Amino acid sequence: MARPFARQTWADGIDETGRPILRENLAPTADGTFLYPGPWGATNWWSPSFSPATGLLYVPVVEWGAVYFSEPGNPVHVPGRRIWGSAYQVVPGDNPRKFIRALAHESGNVVWEHEFSPGPRSQSMSGILSTGGGLVFSGAPDGRFVALDAHTGKQLWERPLGGNIIAAPITYIAGGQQHIAIAAGRSIVAFALHR
């Protein structure tokens with residue numbers, strides 16, 4: 001299945017072979033071409049999470065465009081050095097918007113979304129953990145660790161951790177008790193309910 005779950009402006013759909021149908025005149029140029037998504041999204045290396053209990057796939061999403069520029073000439077590859085096919089820049093005033101979106105696994109439809117408030121660490125995004133107890137955990141761009149209702153996306157709990165959260169949370173059992181852990185900055189923080 002190929003359905004958009006975030007804003008994109010470079011394709012009109014998918015053809016019968018599964019390849020994108022590219023829109024015309026949207027290749028990077030010397031003057032720049034504005035496209036969605038930018039290089040940070042719509043989602044990237046941040047891990048999503050699927051819950052068999054809800055049938056939802058929880059995806060971290062960044063809505064942020066960029067202007068893509070072509071580089072002059074045909075760059076020559078030199079072993080051991082990067083080669084950039086184009087360069088980009090952000091548009092002043094076009095600030096990133098960060099979400100967790102819950103997608104129905106059979107249709108790809110967005111069932112709910114939770115938008116994070118912008119923060120000082122605006123380019124960061126965390127992976128997601130969904131639990132059998134109906135919770136979705138993730139790190140907010142401003143360094144808070146949050147728990148959402150897996151069915152509705154309503155925020156149920158938060159704790160500021162004082163560090164950049166770009167990892168995915170994990171859960172484990174120790175001493176017969178479930179814990180949730182997350183890396184924040186240079187620390188690993190673990191939570192458990194009091195017995």
Side-chain angles (χ1 to χ4, degrees), residues 1-8 36-64 66 90 95-195:
M1 172 190 322
R3 290 197 61 170
F5 58 88
R7 183 177 178 191
Q8 68 82 20
Y36 270 86
W40 308 274
T43 194
N44 210 319
W45 57 86
W46 318 295
S47 57
S49 183
F50 175 72
S51 170
T54 63
L56 298 175
L57 176 67
Y58 306 98
V59 181
V61 176
V62 177
E63 298 277 11
W64 198 8
V90 298
N95 296 317
R97 296 178 65 201
K98 308 288 180 71
F99 301 87
I100 292 177
R101 291 197 173 131
L103 310 178
H105 80 282
E106 291 183 348
S107 67
N109 292 335
V110 176
V111 175
W112 58 257
E113 69 179 19
H114 175 83
E115 183 171 6
F116 291 109
S117 58
R121 299 173 181 93
S122 62
Q123 285 185 264
S124 67
M125 196 68 177
S126 169
I128 298 173
L129 169 70
S130 57
T131 70
L135 298 175
V136 172
F137 290 93
S138 187
D142 61 3
R144 292 174 298 122
F145 189 47
V146 300
L148 309 176
D149 182 292
H151 297 277
T152 66
K154 178 183 177 185
Q155 184 171 312
L156 304 173
W157 174 86
E158 71 174 51
R159 286 294 178 271
L161 298 186
N164 198 9
I165 302 175
I166 58 174
I170 63 166
T171 186
Y172 60 94
I173 301 289
Q177 188 172 23
Q178 184 176 15
H179 296 72
I180 303 289
I182 184 69
R186 295 182 180 181
S187 301
I188 296 177
V189 183
F191 297 91
L193 293 175
H194 291 292
R195 293 183 186 196

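Everything numeric in this text was worked out from a predicted model, so none of it was measured.
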Nearest 0.5 Å, what's the [atom1]-[atom2] distance between [X] and [Y]?
{"X": "Ile182", "Y": "Ile170", "atom1": "CD1", "atom2": "CD1", "answer": "8.5 Å"}
{"X": "Gln8", "Y": "Tyr36", "atom1": "CD", "atom2": "OH", "answer": "12.5 Å"}
{"X": "Asp142", "Y": "Phe116", "atom1": "CG", "atom2": "CZ", "answer": "8.5 Å"}

Stepwise side-chain contact (heavy atoms from CB on, under 4.5 Å) check, Trp64 with Val90:
CA-CA 8 Å; Trp64 198 8; Val90 298; 3.6 Å; yes
With sequence neighbours left out, write down each residue that passes ring pair (Phe, Tyr, Trp, His ring centres under 6.0 Å) with His151, or none if nothing qualifies.
none
Holding to ring pair (Phe, Tyr, Trp, His ring centres under 6.0 Å), I want the full list of residues that pass it with Phe191, two or more places apart in sequence or in another chain.
Phe145, Trp157
Could you tell me which non-hydrogen atom of [X] sits nearest to which non-hydrogen atom of [Y], and how far apart they are?
{"X": "Gly143", "Y": "Ile165", "value": "O-CD1, 3.6 Å"}
{"X": "His114", "Y": "Gly153", "value": "ND1-O, 3.4 Å"}
{"X": "Leu56", "Y": "Ala102", "value": "CD1-CB, 4.0 Å"}
{"X": "Ala181", "Y": "Ile188", "value": "CB-CG2, 4.4 Å"}
{"X": "Leu148", "Y": "Gln155", "value": "CD2-CA, 3.5 Å"}
{"X": "Phe50", "Y": "Gly55", "value": "CE1-C, 3.8 Å"}

Side chain of [X], backbone of [Y]: donor and acceptor closer than 3.5 Å?
{"X": "Thr171", "Y": "His179", "value": "yes"}
{"X": "Ser126", "Y": "Ala167", "value": "yes"}
{"X": "Trp112", "Y": "Leu103", "value": "no"}
{"X": "Ser138", "Y": "Gly127", "value": "yes"}

Residue list, side chain to side chain contact (heavy atoms under 4.5 Å, CB included) with [X], at least two apart or on another chain:
{"X": "Pro39", "value": "Ala66, Tyr68, Tyr88"}
{"X": "Ser130", "value": "Ser49, Ser51, Tyr58, Val136"}
{"X": "Thr152", "value": "Asp149, Lys154"}
{"X": "Ala6", "value": "Ala42, Val61, Glu63, Arg101"}

Do any pairs count as a salt bridge (Lys or Arg N to Asp or Glu O under 4.0 Å) and have a residue in [range], sequence neighbours left out, and if so which ones?
{"range": "residues 160-178", "answer": "none"}
{"range": "residues 169-187", "answer": "none"}
{"range": "residues 158-168", "answer": "Arg144-Glu158"}

Pairing residues for Thr43 by the side-chain hydrogen bond (donor to acceptor under 3.5 Å, both in side chains) criterion, not counting sequence neighbours
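Thr43 satisfies side-chain hydrogen bond (donor to acceptor under 3.5 Å, both in side chains) with no residue once adjacent residues are dropped.
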Suppose we screen for side-chain hydrogen bond (donor to acceptor under 3.5 Å, both in side chains). Which residues come up paired with Asn109, at least two apart in sequence or across chains?
Arg3, Ser107
List the steps, then state whether side-chain contact (heavy atoms from CB on, under 4.5 Å) holds for Phe137 with Thr131.
CA-CA 8 Å; Phe137 290 93; Thr131 70; 3.9 Å; yes
Salt bridge or not for Glu115 and Arg97, using N-O below 4.0 Å?
yes
